[in-house]
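For reference, the structure discussed in these notes is given below.
Bear in mind that the values here come from a model prediction, so they are computed numbers and not experimental data. Every number for a ligand or one of its atoms is a count from 1 in the order of the listing.
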Amino acid sequence: MELSKKALKIKPSSTMAISSKAAELKAAGKDIVAFGAGEPDFHTPAHISKAGIEAIETGNTRYTPAAGTPALRQAVCQKLKRDNGVEYQPEQIIISNGAKHSLINTFMAILNEGDEVIIPAPFWLSYSEMVKIADGVPVIIRTKKENGFMLTKAELEEAYTEKTKAIVLTSPSNPTGMVIPKEDLEMIAEFAVSHDLFVIADEIYEKLIYEEDKKHISIASLGKEIYDRTIIINGVSKSYAMTGWRIGFAAAPLEVAKLMASLQSHMASNPNTIAQAATVVALNGPQDCVTEMCKEFKKRRDYIYEREEDIPLLQALKPEGAFYLFVDVSAVYGKSYEGESIQSAADFARILLDKKYVAVVPCADFGMPDYIRLSYATSMELIEKGMDRIEEMIKALQ
Ligand code: PMP
Ligand code: GLU
């Protein structure tokens, strides 16, 4: 029987596939170092988990309104005001099953068939597939390392067509770790306003910035005109180590939010009630757990970057936030390891996993085929071990 042509065109998530493969090898007794999927290795802070347990024990286990509980939508409004200087009403907030779900709701709410979405590469691999699921067309702009992987006005102008509907921004970025400076956000805001475009601002890594002089700025805070066309995406997976709880949220213009709520009411109903209760405590409670995790990530960032800089043939920019190191491996092409020739970043990643048991993500699906991504959301001990093995492999290349 014929299956959906659209579904057949969607590639499965390679970040998820690599983490499953690493987990499988580990279960089979291999000494794996996993720099694959970006997932904090910390436990969810105890006071947040306790709120989940309490929700179960007190019978807070039923359906909630599809777009989330009033308490959580209110907590998100307070968070957005406190941290980002933007005012939202609870009706503009949609709580979903992770930021991934918030994003697909967004694309489904704003796109018609053939609408184009500008996605600056390197990009988190799910955006392009989500745009396709929503009948849109991803338009990839390959940003340049010389520009710190920032989008330029000339690149935007070149990518723009009459069908352009939206621009996706991720700051700090997965996979580069770069933070978009205010002047760049202003340029993009002006472009979006003058060309009547939506901006989808994925701010999921906002709390994980390691440079004093780099501050997270929400593009929606730059004025009413850009606020009216921005959809902020955020969630608790990364900043509160809550990946498995599956809570993300979107803050959108009211008409967009209403459509997202309507879609979600059919596709998923509410996100997990227990996780929503815990997320209220995450957002309203003490924030020192976030500061502590951020400090630890900074130490790891400093270490992994230093190690990479000392390894010949590898090249990377120092990440400013998130927990990824984005490494150009093109200088190893044409070399071989134990008789296996390396012609691409995918070859490099495969050989590294097969021979050295280090899992990394080759970045063709992120729009940059010469790069690999290392997630350093893992212990210092494992980072050290993984970098030792990468160094051994590079030094043994023929
Ligand atoms: N946006 C970015 C940039 C991400 O890296 C991730 C990672 N999963 C997400 C959104 C989705 O996060 P989640 O669904 O766990 O909230
Ligand atoms: N966002 C993380 C990553 O990029 C988790 C996996 C995924 O959702 O893609 O690795």
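At least one heavy atom of Thr170 sits closer than 4.0 Å to an atom of ligand 1. Heavy atoms of Glu39 come nearer than 4.0 angstrom to ligand 2 in no pair at all.
With a 4.0 Å cut-off on non-hydrogen atoms, Phe323 does not touch ligand 1 at all.
Nearest protein heavy-atom neighbour of atom 16 (O) of ligand 1: Ala99 N, 2.7 Å. The protein heavy atom nearest to atom 9 (O) of ligand 2 is Thr15 OG1, 2.6 Å. Of the protein's non-hydrogen atoms, Asp202 OD2, 3.4 Å is the one closest to atom 2 (C) of ligand 1. The protein heavy-atom contact nearest to atom 9 (C) of ligand 1 is Trp124 CH2, 3.4 Å. Among all protein heavy atoms, the one lying closest to atom 8 (O) of ligand 2 is Lys100 NZ, 3.1 Å. The protein heavy atom nearest to atom 4 (C) of ligand 1 is Tyr205 OH, 3.6 Å. Here the protein heavy atom with the shortest distance to atom 14 (O) of ligand 1 is Arg246 NH2, 2.8 Å. The closest protein non-hydrogen atom to atom 5 (C) of ligand 2 is Gly38 O, 3.7 Å. Protein heavy atom nearest atom 12 (O) of ligand 1, with residue, atom name and distance: Ile204 CD1, 3.6 Å.
A salt bridge does not link Lys26 to Asp31: none of the charged side-chain nitrogens sits closer than 4.0 Å to a carboxylate oxygen.
Heavy-atom proximity to atom 7 (C) of ligand 1, evaluated over Lys100, Glu39, Lys238, is greatest for Lys238.
Side chains of Thr170 and Tyr127: a donor-acceptor N/O pair is present below 3.5 angstrom, by distance only.
Proximity to Lys238 (heavy-atom distance under 4.0 Å) selects the following atoms of ligand 2: 1 (N), 2 (C), 5 (C). Atoms of ligand 2 found under 4.0 Å from any heavy atom of Met16, numbered from 1 in the order shown, are 6 (C), 7 (C), 8 (O). Atom numbering of ligand 2 starts at 1 in the shown order; those under 4.0 Å from a heavy atom of Arg373 are 3 (C), 4 (O), 10 (O). Close approach of ligand 2 to Ala37 is summarised as follows: ligand atoms under 4.0 Å from at least one heavy atom of the residue are 10 (O).
Open room surrounds CZ on Arg62; 12 or fewer heavy atoms of other groups in view lie less than 6.0 Å from it.
For the salt bridge (Lys or Arg N to Asp or Glu O under 4.0 Å) criterion with Glu392, the lone passing option out of Lys385, Lys356, Lys355 is Lys356.
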